[in-house]
Amino acid sequence: MNFLELLKKPDLIAAHRGDRSQKPENTLSALASSIGKCDFIEIDVQLTKDLVPVIIHDETLNRTSNVSNIQRFKDRTPWIVSDFTLKELQSLDFGSWFNSEYESILTLEKALSFVKENHLFLNVEIKDMSKTFSDEIVVEIIIDMIKKTQTEHLVLLSSFYHHYLPMCKKLSSKIPTAALQLYKHPDNLINYLHTLQVNAYHPEDKIINKKTVSDLREAGFFVNVFTVNKTKRQKKLFEWDVNGVFTDSLV
Ligand code: G3P
Ligand code: MG
């Protein structure tokens, strides 16, 4: 089965940043902990200063690492991820802020290998790097890594920065893509999604309604909604024919 075939199954549950209610988000232990509790896992990817794709949500390191306690990084505030090399990131602890267990930074390469070994599916969300020097190259580096690990069939690529999405399709027509959206739907939503050449639309829960889901499904797009932690709301969305929901609370 590939990711597109997975999307045809009903009522999909996606582990938002891994099993983040039990383990530090976007780490290997969060991926491992979500096995058997979801249909696919979502992670966030951005590039280090030396252009290595790593798994971390925020633009800065402070919330999910011990960077603020490290003397030699004191003058590097606000600790922007893309200002740090992989080696520097590997000297930090990404677990103890959450549960006192050491956890190293997860690379995309490691995440993809893990997914392949464990027969899982992965939504790789490409963070907006338009304010950084690696903007031009981020999509190419991520897709090269997916090809290198031979995981094209296991991955779906998404981004809030829609400019990346046609680039993804151009570099690999095999990998499904999704447009993420907050606050308000783009004008002429269906046409707009066609121009992006995406397979799916990932809106935040607040902006979705039954009619929009029905229009999107009718037009052939998959719809996965974030972040939906209440079972009752998940059920309602599935009744509307939403394909999947991202959740922080796996059961
Ligand atoms: O991909 C769904 C969700 O992860 C998007 O929001 O900010 O948690 O990456 P965020
Ligand atoms: Mg995300």
Side-chain angles (χ1 to χ4, degrees), residues 3 6-7 11-28 30-31 33-34 37-47 53-64 80-82 94 97-98 105-108 111-112 115 120-132 138-139 142 146 154-165 168 175-186 193 196 198-208 213 216 221-230 233-234 237 242-250:
F3 209 117
L6 173 75
L7 287 171
D11 305 355
L12 299 173
I13 297 291
H16 183 224
R17 310 181 199 170
D19 192 5
R20 72 187 291 243
S21 70
Q22 301 301 314
K23 297 286 175 181
E25 65 180 52
N26 281 323
T27 62
L28 192 61
L31 264 60
S33 176
S34 63
K37 303 179 190 167
C38 65
D39 299 289
F40 66 93
I41 301 167
E42 186 261 2
I43 56 172
D44 307 286
V45 66
Q46 42 187 311
L47 297 187
V54 288
I55 312 308
I56 178 165
H57 177 271
D58 298 1
E59 208 177 309
T60 56
L61 294 162
N62 197 29
R63 183 178 63 88
T64 58
I80 294 171
V81 176
S82 60
F94 287 81
W97 68 276
F98 185 82
I105 185 93
L106 178 59
T107 62
L108 179 63
L112 291 168
V115 160
L120 309 169
F121 290 98
L122 191 65
N123 174 188
V124 175
E125 180 190 335
I126 310 175
K127 285 295 171 197
D128 179 355
M129 302 213 61
S130 58
K131 285 185 245 139
T132 74
V138 60
V139 172
I142 288 169
I146 295 169
L154 303 178
V155 170
L156 175 142
L157 290 166
S158 64
S159 190
F160 283 110
Y161 188 52
H162 298 166
H163 176 66
Y164 291 152
L165 299 168
C168 291
I175 306 174
T177 55
L180 278 157
Q181 191 66 41
L182 279 168
Y183 313 125
K184 183 182 176 294
H185 301 297
L193 295 177
L196 296 178
V198 293
N199 306 87
Y201 184 54
H202 291 181
E204 70 167 327
D205 189 19
K206 258 187 245 163
I207 63 170
I208 201 70
V213 174
L216 285 159
F221 294 103
F222 297 101
V223 182
N224 301 308
V225 179
F226 68 93
T227 303
V228 192
N229 291 333
K230 296 211 166 78
R233 178 63 178 169
Q234 292 175 354
L237 292 167
V242 158
N243 300 90
V245 294
F246 296 85
T247 181
D248 296 319
S249 13
L250 301 175

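All ligand and atom numbering here is 1-based and tracks the order in the structure.
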Relative to ligand 1, is D44 under 4.0 angstrom through side chain, backbone, both or neither, heavy atoms considered?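 Side chain only.
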Purely on distance, is any nitrogen or oxygen of [X] under 3.5 Å from one on ligand 1?
X    : answer
N123 : no
R17  : yes
H202 : no

Can you tell me how far apart CD1 (I41) and CZ (F246) are? Round to the nearest 0.5 Å.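 Taking CD1 in I41 and CZ in F246, the distance rounds to 12.0 Å.
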For [X], atoms of ligand 1 separated by under 4.0 Å from a heavy atom:
X    : value
H57  : 7 (O), 8 (O), 9 (O), 10 (P)
F160 : 5 (C), 6 (O)
H16  : 3 (C), 4 (O), 8 (O), 10 (P)
K127 : 7 (O), 9 (O), 10 (P)

So which N/O/S atom does D44 have closest to the Mg ion (ligand 2)?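 Restricting D44 to its N, O and S atoms, the minimum distance to the Mg ion (ligand 2) goes to OD1.
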Could you find the nearest protein heavy atom to atom 5 (C) of ligand 1 and give me its residue, atom name and distance?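 Protein heavy atom at minimum distance: E125 OE1, 3.4 Å.
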Measure the distance from atom 4 (O) of ligand 1 to every protein heavy atom, then report the residue, atom name and distance (to 0.1 Å) of the closest one.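 Ranking protein heavy atoms by distance from atom 4 (O) of ligand 1, first comes E42 OE2, 2.6 Å.
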Just wondering, are more than 12 heavy atoms of other shown residues or ligands nearer than 6.0 Å to CD in E204?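 Yes, enclosed.
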Taking atom types as modelled and ignoring hydrogens, do the side chains of [X] and [Y] form a donor-acceptor contact shorter than 3.5 angstrom?
X    : Y    : value
T60  : N62  : no
N229 : D248 : yes
S33  : D19  : yes
H57  : N26  : no

Determine the interplanar angle of the Y201 and H185 rings, folded into 0 to 90°, and report it as parallel if under 30°, tilted if 30 to 60°, perpendicular if over 60°.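 Tilted.
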State, to the nearest 10 degrees, the angle whose vertex is the Mg ion (ligand 2) and whose arms point to OE2 of E42 and OE1 of E125.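 With the Mg ion (ligand 2) as the vertex, the angle is close to 90°.
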Indicate yes or no: does E25 engage R63 in a salt bridge with an N to O separation below 4.0 Å.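 A salt bridge is present here (some side-chain N lies under 4.0 Å from a carboxylate O).
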